[in-house]
Amino acid sequence: EGDLLTKFISTDKAPAAIGPYSQGTRKNGFIFSSGQLPIDMETKELVSDPAAATTASLNNVLTIVKAGGGSLESIVKVNVFVKDINDFDAINGAYTAFFGEHKPARSLVQVAALPKDAVIEIEAIAVKD
């Protein structure tokens with residue numbers, strides 16, 4: 001298949017890109033997801049509860065990672081952007097429940113604002129299985 005060329009990842013099981021970018025890319029065995037808002041793919045609604053929003057964003061990230069040939073265990077780095085750092089405990093609880101014993105490296109920062117006034121946005125880097 002030649003992983004030397006950039007492959008653009010697209011799946012209808014995660015929110016569509018809303019700008020000039022792809023849902024994810026894969027190159028040289030690495031999978032990069034774009035930032036994922038907490039959109040519930042069943043209802044297509046933006047989730048506002050911090051814990052439920054964390055799970056929704058992570059589900060969307062994982063869907064893209066899987067579409068690129070990875071798995072939950074292949075995720076090596078997660079970047080989390082939050083609207084309110086005071087939601088840290090709720091986010092951490094949902095994050096721990098999602099990943100279980102798998103503990104990728106992580107950054108979590110509060111930002112001034114997120115698209116659609118979301119409470120969280122998450123992106124990840126994975127290594128192709």
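What's counted below: heavy atoms across the whole structure, side chains too, no hydrogens, waters or symmetry copies.
- For K128 against I31, the heavy-atom pair with the smallest separation is CA-CD1, 3.9 Å.
- Counting heavy atoms from C-beta outward, R106 and N92 have side chains that approach closer than 4.5 Å.
- The closest side-chain heavy-atom distance from P115 to L37 is below 4.5 Å.
- A donor-acceptor contact shorter than 3.5 Å links the side chain of Q23 to the backbone of P15.
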Derivation and outcome, side-chain contact (heavy atoms from CB on, under 4.5 Å), residues I120 and F81: CA-CA 6 Å; I120 196 165; F81 308 96; over 6 Å; no
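- By the 4.5 Å heavy-atom criterion applied to side chains, T55 and V47 are not counted as neighbours.
- For the pair L72/H102, a side-chain contact is recorded, criterion being any heavy-atom separation below 4.5 Å from C-beta on.
- Counting non-hydrogen atoms of other residues, nucleotides and ligands closer than 6.0 Å to NZ of K13 gives a total of 12 or fewer.
- Counting heavy atoms from C-beta outward, T63 and Q36 have side chains that stay 4.5 Å or more apart.
- Hydrophobic clustering, with ILVMFWY side chains joined whenever heavy atoms are under 4.5 angstrom apart, keeps F32 apart from I75.
- Shortest non-hydrogen contact noted between D12 and M41 is O-CE, 3.8 Å.
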Please assess D84 against V119 for the test side-chain contact (heavy atoms from CB on, under 4.5 Å), listing each intermediate value before the final yes or no. CA-CA 7 Å; D84 187 349; V119 297; over 6 Å; no
side-chain contact (heavy atoms from CB on, under 4.5 Å) evaluation trace for L108 with I85: CA-CA 9 Å; L108 186 147; I85 199 70; 3.5 Å; yes
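- The backbone N or O of V65 lies less than 3.5 Å from no partner atom in the side chain of S33, so there is not a single donor-acceptor pair.
- When side chains are defined from C-beta on, D87 does not count as touching V82, because their heavy atoms never get closer than 4.5 Å.
- Side-chain contact between P38 and L46 is present, with at least one heavy-atom pair separated by less than 4.5 Å.
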Report the C-alpha separation of F98 and T54 in whole Å, then their side-chain angles, then the decisive distance to 0.1 Å, and conclude whether the side-chain contact (heavy atoms from CB on, under 4.5 Å) test is met. CA-CA 9 Å; F98 187 85; T54 301; over 6 Å; no
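- Shown here for A67 and I9, the closest heavy-atom pair between the two residues is CB-CG2, 3.7 Å.
- Within the 4.5 Å cutoff, no side-chain heavy atoms of K77 are placed close to those of P104.
- Side chain of N60 to main chain of A56: a donor-acceptor pair is present (N/O by atom type, distance under 3.5 Å, no hydrogens or angles).
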